[in-house]
Amino acid sequence: MSTDRYNPRDAEPRWQRYWTENRCFEAKEDLSRPKYYVLEMFPYPSGRIHMGHVRNYTMGDVIARFRRACGYNVLHPMGWDAFGMPAENAAIERGVHPKTWTYENIAAMRGQLQSMGLALDWSREIATCDPAYYRHEQEMFIDFMAAGLVERKVSTVNWDPVDNTVLANEQVIDGCGWRSGALVEKRELAQWFLKITNYSEELLTALDGLELWPEKVRLMQRNWIGRSEGMRFSFALEKADGTLLDERLMVYTTRHDTIFGASFCAISVDHDLARRMAGKDPALTAFRKEVASLGTSEESIERAEKKGCALGIFARHPFRPDLRLPVYAANFVLMGYGEGAIFGCPAHDQRDLDFARRYGLPVIPVVAPNTVNAGGIKVEDEAYHEKDGDQTILINSDFLDGMSVPEAKDEVARRMETMGIGERKINYRLRDWGVSRQRYWGCPIPVIHCNACGTVPVPKDQLPVILPDDVSFDKPGNPLEHHPTWKNVNCPVCERTARRETDTFDTFIDSSWYYARFCSPKASVPVDKLAANYWMPVDQYIGGVEHAILHLLYSRFFSRAMTRTGYLDLKEPFDSLFTQGMVIHETFKLDSGEWVFPADAVLLNGNWAHAKTGEPLTIGGVEKMSKSKRNVIDPEVIIERYGADTARWFMLSDTPPERDIEWTESGVEGSWRFTQRIWRLVNEAAIATADARSVGSDYGSIELRRTVHRALQAVTDDLSNLRFNRSIARIYEVANALGSALQQKASPALAAPAIREAAEIMVLLFAPMMPHLAEECWKVLGHESAVVETPWPKADPALLAEDEVTIAVQVNGKRRDEIRVAKGLSREQIEAIVLKLDAVNRALDGRAPKKVVVVVDRIANIVG
RNA sequence: GCGGGCGUGGCGGAAUGGUAGACGCAACGGACUUAAAAUCCGUUUUUCGCAAGGAAGUGCGGGUUCGAGUCCCGCCGCCCGCACCA
């Protein structure tokens, strides 16, 4: 590299040191200044950063630096989502202790993030595996218990019978354990739950207020919460001989209007009634086993036929004493929703129809378009649903005949309520949050099990419950189970021998409140309220859309639970949310199907081939970077070769931030060339204007100034709205204009102040994206202070106003010419000018203009 | 099945209902150079034409409007989320 080139290897570490030594990005509460809290979803310390991190953290960094320059007191922290299974896997596979592995990874990744030149407040760094962090989680859990937000109940887990361990859903592959390959069983264990369903309605309605969240995410959460308005009511049950049973069958429905179309009832195989009856009924026992073995994967559900097992009992129709409905245990009824029991109305529900056809049950249409005669509609293989635009009425339904669906629902509800057999009920799909994990590398659940006192929370003065280091991974399962001393404790209440809870928290708990901890990361309480009240909510949160539901919903719940228990004073933790797209890259394959590194692909005579073996290659899709597809580009290699600024610039260029961005070698080369071009331009500008440091009265080159100030205005607006790609296009325009001005050597003396101004504004504009280069350029332009301490420039309104405008001239909507006129020229004057234009008369071809539409300063359209 | 989004040059993408293709990438031509790299200048939607100048053009078909990539209706295609939720 020659000396006239910009050398990021020298400049970048130098400025990183400068920012650190001057503590430029350490945030302090300051009530006199407006705050801005920008946060990117914190990383899992896997060991190395990937391009997704580079994109995510670059965006956040641009926002942080931009807001800072605009005068905000900016909080931009970083931490580590440090608990989780990969650390345990490393322990099992390589014998490294999870803690060692995690902290080594953190150290490596911290270095990589620092090499990106991020404007982070490292003094606030937190790691969720640090007892100084998770002790507060334990304390809050104990308070949540007291507030009735915690429940302990039996729940099903995936059990690997060979490894004797619980598996997470993602460790179950095709129904088998990922490590042992053994068929996974369902086991029931007592587990801890956070009562997120207490907030179902609140979490749903508050979505409407999150106007700065993507509509898509709000919708996904709405669907996830899954509110439905219906009825819960019960049927009287009888035996085959007609004798009444002394229990009733409770069902849930949203279509009580179709009650006269009911032809059977179905209950889940896990329904209490099915369990009890199985004891006396071998066929039912066999059926329950069959259903349990089918698994719950989407695929198996898709393929499974609707099947049932008749129980030999019957439900009496509430309004037709003569009618009795056979009751089945059925594979398509879920225990987890509603009452785990339904009535089937085959004419208007596809599943019920499939079931009815299989078992020869009646199909009675009860809703039909009102254009159809009273005879009704025919249902063959497809259940009838109201289509858009259909007006429907009830038929074959006794006292409901002729009513609309809402009227019928209302009438049925009213009658059932009067009869005392049911009530209107709102149901949610949302389930309580199971937080127990039978894992070592997580936050210990601060509870002790005592035979006499039951489950007892660990007294707060004994917190934290520290995860012991001396564990062994020799045996399968949770090492805490085999730890001799940690597990055995005395009951804090009665002091008799008791057992410590060996489950740890779901790591989603760790990430449900870290944003609040960043406000006061060293406080002796979970959050210092003064600090939290100043910084919260997060003004701009950025992360991948893969967290659209779980992490974001849990966080919304947690901030409410923390407010309820007095730790916070807010509801919504994230004011504005941005979900960025993935980084994708081309893929190559051998004929054998084996993936090949793109770096090994070469073009030989127009065909792709392997650079080393010469084997022919086919181009795969452009896909998310992944190790298995071998299309990963290592950010460290890129930063080493081009510097962080080039990588950052590339990440922000061209593609809108919410879309997937394709990593291309040529694109990075382009960014690299641009950094060099900036460096040359700024140096040339500095030389050309060396004698004109102070801006004189004669700015000269008004066009250059106009371009620069308009770009400044546009970039300010675009950065405020996260439109990085558009900002970059405007900065290119400034660079092009500056380049042209420098070329016109005839009048540099006159243009010097304008050139200097252009160079300075350009540097400040790209500074949030390429901070190191900006600092170097700023020095070249003769500044003593750093860019990070320089306020964002302000556009001169006089230069934004135009005195002349271009008006497009159309004839019948087709553009024929354009004219330059004084801004604000009147309708009449414009009309007079355009009617004389040659192009207009040619296009009119002798016809007289019927009408002339003029939009002042914009367009004239002659209708002829 | 339900819900949502998107279709613009060779590519990534710009366009408050008002000159479609800003800006970048790639390609091509030229300058500089012994040469290459780097750099600089230019061309680049398609099509007819030597040119001046036409014609067509934002997935397809209609509509609203003086004017539609943008709004409305109906198709086609691609992508994403949820899914036996009663």
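Every chain is numbered from 1 and lettered A, B, ... according to where its sequence line falls, protein lines coming before strand lines.
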Tell me whether the side-chain N/O atoms of [X] come closer than 4.0 Å to OP1 or OP2 in [N].
X	N	value
Asn725(A)	A14(B)	yes
Arg820(A)	U19(B)	no
Asn736(A)	G24(B)	yes
Arg222(A)	G81(B)	no
Arg673(A)	A26(B)	yes
Ser228(A)	A86(B)	yes
Arg429(A)	A86(B)	no

Of Val856(A), Asp857(A), Ile833(A), the residue whose pairing with Leu825(A) passes side chain to side chain contact (heavy atoms under 4.5 Å, CB included): Ile833(A)
Heavy atoms under 4.0 Å, any strand shown: does [X] hit a base, just sugar-phosphate, or nothing?
X	answer
Lys814(A)	sugar-phosphate
Arg227(A)	nothing
Thr253(A)	sugar-phosphate
Val545(A)	nothing
Val855(A)	base
Arg659(A)	sugar-phosphate
Glu733(A)	sugar-phosphate
Tyr252(A)	base

Any donor-acceptor N or O pair under 3.5 Å, side chains Tyr384(A), Thr392(A): no
Closest-nucleotide 5' rank along RNA chain B - winner of Glu658(A) and Arg815(A):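 It is Glu658(A), whose closest nucleotide lies nearer the 5' terminus.
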Comparing Lys851(A) and Ser666(A) on RNA chain B - which has the more 5′ nearest nucleotide: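 Per heavy-atom nearest nucleotide, the more 5' residue is Ser666(A).
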Syn or anti for G24(B) (syn when the glycosidic angle lies within 90° of 0):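 This nucleotide is in anti.
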Looking at [X] and [Y], does any basic side-chain N land under 4.0 Å from a carboxylate oxygen?
X	Y	value
Asp654(A)	Arg659(A)	no
Lys409(A)	Glu229(A)	no
Lys823(A)	Glu802(A)	no

